[in-house]
Visitor: 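Okay, here's the structure, questions in a sec.
Excluded from the calculations below are hydrogen atoms, water molecules and symmetry mates; all remaining heavy atoms, backbone and side chain alike, are included. Ligands are counted one by one from 1 in listed order, and the atoms in each one are counted from 1 as well.
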Amino acid sequence: MALLTPEDLENINRQLQEADSTVRRVTGLDIKGVCKDFYGMTPCCEKVGIVPVTSGNGIIGNFSGSLHVITEYFGFDSFVTAMPDVSGYYEAVRNGARIILMADDNTFLAHNLKNGKIANNQPCTGRIYAEIASRYLKADSKDVLVVGLGKVGFPGAAHLVNKGFRVYGYDSDKALLEKTVSDLGITLFEPENPRKFSIIFEATPCADTVPEFVISENCVISTPGIPCAISRELQEKYGVELVMEPLGIGTASMLYSVL
Ligand SMILES: NC(=O)C1=CN([C@@H]2O[C@H](COP(=O)(O)OP(=O)(O)OC[C@H]3O[C@@H](n4cnc5c(N)ncnc54)[C@H](O)[C@@H]3O)[C@@H](O)[C@H]2O)C=CC1
Ligand SMILES: NCCC[C@@H](N)C(=O)NCCCC[C@H](N)C(=O)O
């Protein structure tokens with residue numbers, strides 16, 4: 001899995017605010033409003049214990065601190081434990097955490113100790129970015145292009161199929177693409193038969209994966225993928241609404257899903 005870097009998380013509060021204003025333009029709701037509508041739940045100051053984890057590549061400098069900013073932004077009462085790992089988990093529970101947030105190099109989870117619900121960041125991220133894309137107020141059809149059908153992209157594509165969108169899928173892994181087309185009953189997107197989309201959802205660990213010939217004027221590109229799926233130049237040339245943020249929207253989706 002491509003790991004976050006401290007640079008990705010710089011000034012997370014500003015990144016979150018910018019993403020929120022884009023989501024408002026795209027959907028008419030802020031991120032909180034989309035989460036509330038999507039999950040049918042509203043937080044009421046649940047206490048969130050954030051536990052740093054030292055395994056694998058170890059602690060990412062501002063990861064826990066960013067989660068503290070993010071949880072507070074979405075109306076939760078959160079704290080980062082002084083200790084990491086098992087001691088940190090113990091500390092979180094002893095200090096009254098109702099929801100635990102913690103991540104190693106492979107899994108980022110939210111666990112509600114009271115109702116037993118547990119969430120994984122990858123599917124939660126895919127679904128919420130797909131949900132935001134599906135609510136685009138200026139969409140010209142129900143056709144959606146999905147680029148990247150992995151642990152984030154596949155759940156997002158499945159969500160769009162369930163919502164009745166016509167999903168055109170593309171992934172550089174041909175075997176995965178073929179299997180996903182048959183599993184989800186989506187349409188294989190063939191770059192040799194170019195067409196434009198007003199809704200695009202991207203979830204790959206590569207830059208510039210969305211080619212110019214699929215971008216329509218004022219389209220929405222909803223993309224958790226890091227680095228960015230299009231250049232700043234293309235974004236400005238087509239007036240693209242770019243929904244992109246490195247951690248907060250996916251974390252909000254996890255938290256709402258365990259309420
Ligand atoms: N913003 C956020 O909150 C989050 C962002 N991410 C990011 O989302 C991205 C995807 O994560 P995962 O789904 O876990 O990775 P993954 O490795 O499971 O899936 C990525 C998929 O993209 C495909 N791909 C790679 N390059 C491509 C290209 N040039 N064109 C088309 N397809 C291409 C791969 O074949 C793979 O199927 C990563 O960059 C990850 O860091 C992940 C979780 C949360
Ligand atoms: N964008 C959300 C998905 C994050 C994921 N790609 C990642 O970097 N996971 C590694 C997190 C490691 C955290 C570390 N163990 C700590 O606790 O600081």
Visitor: Does an N or O from Y170, backbone or side chain, lie closer than 3.5 Å to an N or O of ligand 1?
Guide: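 No; every N/O pair is 3.5 Å or more apart.
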Visitor: With atoms numbered from 1 as shown, which atoms in ligand 2 lie under 4.0 angstrom from a non-hydrogen atom of G58?
Guide: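 Answer, ordered by atom number: 14 (C), 15 (N).
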Visitor: So if I count the atoms of ligand 2 from 1 in the order they appear, which ones are less than 4.0 Å from some heavy atom of I59?
Guide: 16 (C), 18 (O)
Visitor: Less than 3.5 Å between some nitrogen or oxygen of G250 and one of ligand 1, yes or no?
Guide: no
Visitor: Any nitrogen or oxygen of A2, side chain or backbone, less than 3.5 Å from one on ligand 2?
Guide: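 Yes, there is a polar N/O contact under 3.5 Å.
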Visitor: Under 4.0 Å, heavy-atom basis, I'd like to know which part of P205 is in contact with ligand 1: side chain, backbone, both or neither.
Guide: both
Visitor: Check this for me: does any side-chain nitrogen of one of R127 and E131 sit under 4.0 Å from a carboxylate oxygen of the other?
Guide: no
Visitor: Can you list the ligand 2 atoms lying under 4.0 Å from a non-hydrogen atom of P52?
Guide: 17 (O)
Visitor: Could you check which of N106, N121, D8, T180 puts a non-hydrogen atom nearest to atom 44 (C) of ligand 1?
Guide: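 It is N121 whose heavy atom sits nearest to atom 44 (C) of ligand 1.
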Visitor: What atoms in ligand 1 come closer than 4.0 Å to a heavy atom of D173?
Guide: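 Ligand 1 atoms under the 4.0 Å threshold to D173: 35 (O).
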Visitor: Once you restrict to heavy atoms under 4.0 Å, what part of V152 touches ligand 1? Side chain, backbone, both or neither.
Guide: both
Visitor: Quickly, which of L67, T81, V53 forms a side chain to side chain contact (heavy atoms under 4.5 Å, CB included) with M102? Name it, please.
Guide: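 It is V53; the other options fail the test.
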Visitor: Out of A203, P155, G153, whose heavy atom is nearest to atom 20 (C) of ligand 1?
Guide: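 Checking each option, the heavy atom nearest atom 20 (C) of ligand 1 is found in A203.
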Visitor: Give the atoms of ligand 1, by number and element, whose distance to some non-hydrogen atom of L176 is under 4.0 Å.
Guide: 37 (O)
Visitor: Which is it for D104 and ligand 2 at heavy atoms under 4.0 Å: side chain, backbone, both or neither?
Guide: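 Contact part for D104 vs ligand 2: backbone (N, CA, C, O).
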Visitor: Any N or O of S172 that comes nearer than 3.5 Å to an N or O of ligand 1?
Guide: yes
Visitor: Measuring from non-hydrogen atoms of M244 to any atom of ligand 1, is the shortest distance under 4.0 Å?
Guide: no
Visitor: Is the positively charged end of R195 above the ring of Y168, judged by distance under 6.0 angstrom from the centroid and angle within 45° of the axis?
Guide: yes
Visitor: Out of curiosity, Y256 OH to K36 NZ, how far, rounded to the nearest 0.5 Å?
Guide: 8.5 Å
Visitor: Nearest 0.5 Å, what's the CZ-CG distance between R232 and L242?
Guide: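 Answer rounded to 0.5 Å: 8.0 Å.
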Visitor: What are the atoms of ligand 1, with element, lying closer than 4.0 Å to any heavy atom of T209?
Guide: 28 (C), 29 (N)
Visitor: Can you find an N/O atom of V53 closer than 3.5 Å to an N/O atom of ligand 2?
Guide: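 Yes, there is a polar N/O contact under 3.5 Å.
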Visitor: So if I count the atoms of ligand 1 from 1 in the order they appear, which ones are less than 4.0 Å from some heavy atom of P246?
Guide: 1 (N), 2 (C), 3 (O)
Visitor: Answer side chain, backbone, both or neither: which part of P246 comes under 4.0 Å from ligand 2, heavy atoms only.
Guide: backbone
Visitor: Hey, is I249 touching ligand 1 through its side chain, its backbone, both or neither, going by heavy atoms under 4.0 Å?
Guide: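 Near ligand 1, I249 shows nothing, with every heavy atom at 4.0 Å or more.
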Visitor: Less than 4.5 Å apart, any side-chain heavy atom of Y129 and any of T223?
Guide: no
Visitor: So, are E178 and K174 salt-bridged, with charged N and O less than 4.0 Å apart?
Guide: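 A salt bridge is absent here (no side-chain N lies under 4.0 Å from a carboxylate O).
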Visitor: State whether E212 and K237 are salt-bridged, where the test is any N-O pair (Lys NZ or Arg NE/NH1/NH2 against Asp/Glu carboxylate O) under 4.0 Å.
Guide: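 Between K237 and E212 there is a salt bridge, with a charged N closer than 4.0 Å to a carboxylate O.
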Visitor: Under 3.5 Å between any N/O of L4 and any N/O of ligand 2: does that happen in this structure?
Guide: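 Yes, L4 has an N/O under 3.5 Å of an N/O on ligand 2.
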Visitor: Applying side-chain contact (heavy atoms from CB on, under 4.5 Å), can you list everything that pairs with K179, at least two apart in sequence or on another chain?
Guide: D183
Visitor: Pairs of nitrogen or oxygen atoms closer than 3.5 Å, one from K151 and one from ligand 1: do any exist?
Guide: yes
Visitor: Nearest 0.5 angstrom please: E236 CD to S231 OG, how far?
Guide: 8.5 Å
Visitor: For F38 and H159, I'd like to know if the aromatic rings sit close, meaning centre-to-centre distance below 6.0 Å.
Guide: yes
Visitor: Checking the N or O distance criterion of under 3.5 Å, is ligand 2 in contact with I60?
Guide: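 Yes, since at least one N or O of I60 sits under 3.5 Å from an N or O of ligand 2.
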Visitor: Would you please indicate yes or no on a ring centroid separation below 6.0 angstrom for F63 and F108?
Guide: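 They qualify: ring centres under 6.0 Å apart.
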Visitor: When rounded to the nearest 0.5 angstrom, what is the spacing between OG1 in T125 and CG in L247?
Guide: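 Reported value, rounded in 0.5 Å steps: 8.5 Å.
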Visitor: Is it the case that ligand 1 has an N or O less than 3.5 angstrom from some N or O of P224?
Guide: yes
Visitor: Only counting residues at least two apart or in another chain, list the ones meeting side-chain contact (heavy atoms from CB on, under 4.5 Å) with P6.
Guide: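 For P6 the side-chain contact (heavy atoms from CB on, under 4.5 Å) partners, ignoring immediate neighbours, are I60, N62.
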Visitor: Would you mind running through ligand 1 and noting each atom that sits below 4.0 Å from a heavy atom of C206?
Guide: 26 (N)
Visitor: How many angstroms lie between atom CG of N106 and atom CD of Q122, to the nearest 0.5 angstrom?
Guide: 8.5 Å
Visitor: Measure the distances from the heavy atoms of G61 to every atom of ligand 2 and state whether one is below 4.0 angstrom.
Guide: no
Visitor: Below 3.5 Å, N or O to N or O, backbone or side chain included: is there any such pair between A103 and ligand 2?
Guide: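 Yes: some nitrogen or oxygen of A103 is under 3.5 Å from one in ligand 2.
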Visitor: Charged N to carboxylate O below 4.0 Å: is that the case for D77 and K47?
Guide: no
Visitor: Which is it for T204 and ligand 1 at heavy atoms under 4.0 Å: side chain, backbone, both or neither?
Guide: both
